[in-house]
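Basis for what follows: all heavy atoms, side chains included, without hydrogens, waters or symmetry-related copies.
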Amino acid sequence: MEAPSDDQGPRILITTWTLTGLSGTFLAVRLFCKLHTKRRLWWDDYVLALSWIMLLFSIILVTLSVSHGLGKHVYAVPPENFPLLGVVGNLTGTFSILAATWSKTSFALTLLRLMQGRMRILLWFIIATVNILMSLNAVFMWIRCTPVQKTWNPYVPGTCWDPEVYPKYGMTAAGYSAAAEFALALLPWKVIWKLQMKRKEKFGVAMAMSMGIFAGATAVVKTTEIPSLASADFTYVSAPLVLWGAAESGVTIMAASIPVLRTLFRDLNSLSRRYYIAESKNATQTSRVAPRSSVNNTTVVTISVGAPSSLELRKTNSTSDKAPMRESCGQIFQSTEIVVAVEPRREDESDRNERLQFVQIGGAL
């Protein structure tokens with residue numbers, strides 16, 4: 001009997017659904033930021049949303065596969081489940097490949113709005129080659145056997161490619177995709193470092209746009225797991241491939257959303273500062289500060305309403321604890337008031353340039 005520890009199904013479900021939920025949250029916040037700030041959604045937003053939908057479909061299919069034996073050793077899976085696991089596995093692989101490809105494409109489209117000249121040509125080259133190689137990877141998954149039904153049903157008579165051919169091509173395509181991920185993560189540094197911003201801010205923006213390095217790392221690990229597809233115990237050995245495939249897409253989606261979230265945090269910080277200054281100005285309109293001790297005397301003019309001819313001038317010491325005695329209602333007191341106003345710090349030239357650079361980057365994101 002199979003030991004409970006040999007069933008990787010629960011770990012697959014917890015990990016993949018957690019990644020899907022986290023990446024979906026990042027994507028939702030990204031879209032909310034753009035819509036809340038009245039920025040128009042662009043192609044990179046739509047492609048990234050489509051990528052997450054593909055990831056969601058793949059994880060739904062993974063859940064179905066786990067219920068039919070994925071994560072268990074092949075000898076513990078009923079033979080009648082193999083055809084279903086085969087076709088669902090092909091669909092899962094197809095959606096997973098599309099999710100990984102389109103998430104990279106989305107970030108490349110974002111960079112297109114920042115790059116110029118040869119850098120744009122390089123980006124288009126990366127977009128085209130990654131999509132071609134990964135799309136062929138998805139197609140080969142379905143046509144490597146004749147008839148096609150044999151790719152998911154081993155009991156159907158027919159022929160298939162050499163068992164090593166498809167995994168090798170898959171490793172080549174996935175390896176190129178990982179390299180493209182690293183390239184996309186490093187390209188923003190060339191542009192951002194030329195901006196007229198403080199070095200600290202340059203580093204922060206560049207790091208925010210380079211989170212794809214972590215996605216590239218997951219893609220490398222996933223590439224090393226592809227040979228498990230040729231294993232006889234594929235239902236058990238392929239579990240890490242499923243996990244790292246979901247991690248690649250999920251981390252890429254989160255990494256592509258972080259730059260937009262950073263501009264949101266900066267906008268919120270700027271908004272809070274403006275609100276604080278406005279509140280300070282409002283407070284000064286009602287706040288009153290007594291004269292300093294250097295002003296010794298305050299002239300008080302008292303006019304009695306009941307006796308118009310009666311006019312009294314009195315001088316009182318401003319430092320005295322006792323207020324002037326009021327003899328009747330309707331008296332008018334004239335006193336000197338000092339109002340302290342808090343003025344906002346004036347924006348110097350460097351701050352103005354920094355703000356303009358952030359506006360440019362924020363608009364592109």
Side-chain angles (χ1 to χ4, degrees), residues 1-24 54-100 137-138 140-142 144-145 149-156 160-171 173-175 178 214-215 217-252:
M1 180 179 293
E2 182 183 23
S5 59
D6 287 338
D7 185 3
Q8 302 188 72
R11 182 166 69 98
I12 292 174
L13 294 179
I14 293 173
T15 304
T16 54
W17 278 110
T18 299
L19 288 167
T20 305
L22 285 175
S23 59
M54 295 298 102
L55 174 62
L56 178 62
F57 285 168
S58 69
I59 303 308
I60 292 175
L61 293 173
V62 166
T63 304
L64 179 61
S65 295
V66 169
S67 66
H68 286 78
L70 179 64
K72 298 179 180 180
H73 287 288
V74 69
Y75 57 78
V77 180
E80 59 270 19
N81 288 359
F82 290 153
L84 178 62
L85 286 173
V87 68
V88 172
N90 281 5
L91 289 171
T92 301
T94 301
F95 287 130
S96 180
I97 289 172
L98 293 177
N137 192 17
F140 291 160
M141 186 183 303
W142 294 93
R144 66 182 187 269
C145 291
Q149 291 83 353
K150 190 170 178 58
T151 59
W152 64 79
N153 189 351
Y155 304 114
V156 173
C160 295
W161 298 352
D162 186 281
E164 299 294 331
V165 172
Y166 178 70
K168 287 182 178 180
Y169 178 82
M171 291 187 65
F214 298 102
T218 61
V220 170
V221 178
K222 186 196 76 171
T223 302
T224 63
E225 297 291 342
I226 290 179
S228 63
L229 294 173
S231 173
D233 194 11
F234 68 95
T235 55
Y236 183 83
V237 178
S238 63
L241 176 61
V242 175
L243 295 176
W244 287 107
E248 178 186 8
S249 302
V251 173
T252 303

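- In this structure, the side chains of Leu55 and Ser96 stay at 4.5 Å or more apart for every pair of heavy atoms.
- In this structure the side chain of Val62 reaches within 4.5 angstrom of the side chain of Val66, judged on heavy atoms.
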Checklist line | Candidate pair Val242 and Thr92, rule side-chain contact (heavy atoms from CB on, under 4.5 Å), full reasoning | finding: CA-CA 9 Å; Val242 175; Thr92 301; 5.5 Å; no
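- The distance from the CE atom of Met171 to the CD atom of Glu164 is 10.5 Å, given to the nearest 0.5 Å.
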Next item on the list: Apply side-chain contact (heavy atoms from CB on, under 4.5 Å) to the pair Phe95 and Leu61, showing each step before the final yes or no.
Entry: CA-CA 9 Å; Phe95 287 130; Leu61 293 173; 3.6 Å; yes
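- Across all their heavy atoms, Val77 and Gly69 have their closest contact at CG2-O, 3.6 Å.
- For Phe214, the CZ atom is loosely surrounded, since the number of other residues' heavy atoms within 6.0 Å does not exceed 12.
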Notebook entry, point to check: Run the side-chain contact (heavy atoms from CB on, under 4.5 Å) check on Leu70 and Ser238 step by step: do they pass?
Noted result: CA-CA 8 Å; Leu70 179 64; Ser238 63; 3.9 Å; yes
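- Judged purely by distance below 3.5 Å, without hydrogens or angles, the side chains of Asn137 and Tyr166 pair a donor atom with an acceptor atom.
- The two residues Pro167 and Ala230 come nearest to each other via the heavy atoms CG-CB, 4.2 Å.
- A side-chain donor-acceptor contact under 3.5 Å links Thr224 to the backbone of Val221.
- For the pair Ser249 and Ala100, the tightest heavy-atom approach, listed with the atom from each and the gap, is OG-N, 3.2 Å.
- Counting heavy-atom neighbours within 6.0 Å of Phe57 CZ, excluding the residue itself, gives a total of 12 or less.
- Between Thr63 and Trp17, the side chains place a donor N or O and an acceptor N or O closer than 3.5 Å (distance only, hydrogens not considered).
- Considering all non-hydrogen atoms of both residues, Ile226 and Ala174 come closest at CD1-CB, 3.7 Å.
- Contact annotation: the side chain of Glu225 approaches that of Pro240 to within less than 4.5 Å [non-hydrogen atoms, C-beta and beyond].
- Closest non-hydrogen pair, Ile12 versus Ala239, comes out as CD1-CB, 3.6 Å.
- Ser65 OG to Ile59 CD1: the interatomic distance, rounded to the nearest 0.5 Å, is 10.5 Å.
- Within a 6.0 Å sphere centred on CH2 of Trp244, other residues, nucleotides and ligands contribute 12 heavy atoms or fewer.
- Atom-to-atom distance recorded for Leu64:CG and Ile60:CD1 is 10.0 Å, nearest 0.5 angstrom.
- Of the possible donor and acceptor atoms, one in the side chain of Thr235 sits under 3.5 Å from a partner among the backbone N and O of Val74.
- Taking OG1 of Thr151 as the reference point, atom CH2 of Trp161 lies at 11.0 Å (rounded to 0.5 Å).
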Next item on the list: Walk me through it: do Asp6 and His73 pass the test side-chain contact (heavy atoms from CB on, under 4.5 Å)?
Entry: CA-CA 7 Å; Asp6 287 338; His73 287 288; 3.8 Å; yes
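- Considering only heavy atoms from C-beta on, Tyr236 stays 4.5 Å or farther from Lys72 through its side chain.
- The closest donor-acceptor contact from the side chain of Arg11 to the backbone of Gln8 lies at 3.5 Å or more, if one exists at all.
- We find the CD-CG distance between Glu248 and Leu19 to be 12.0 Å, quoted to the nearest 0.5 Å.
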Which pairs would a plain distance check flag for residues 80-89, meaning a side-chain donor or acceptor within less than 3.5 Å of a matching protein atom at least two apart in sequence or in another chain?
residue : atom : partner : partner atom : Å
Asn81   : ND2  : His68   : O            : 3.1

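- Between the side chains of Trp142 and Thr94, at least one donor N or O sits under 3.5 Å from an acceptor N or O.
- What you find for Lys222 and Gly245 is that their closest heavy atoms are CD-CA, 3.6 Å.
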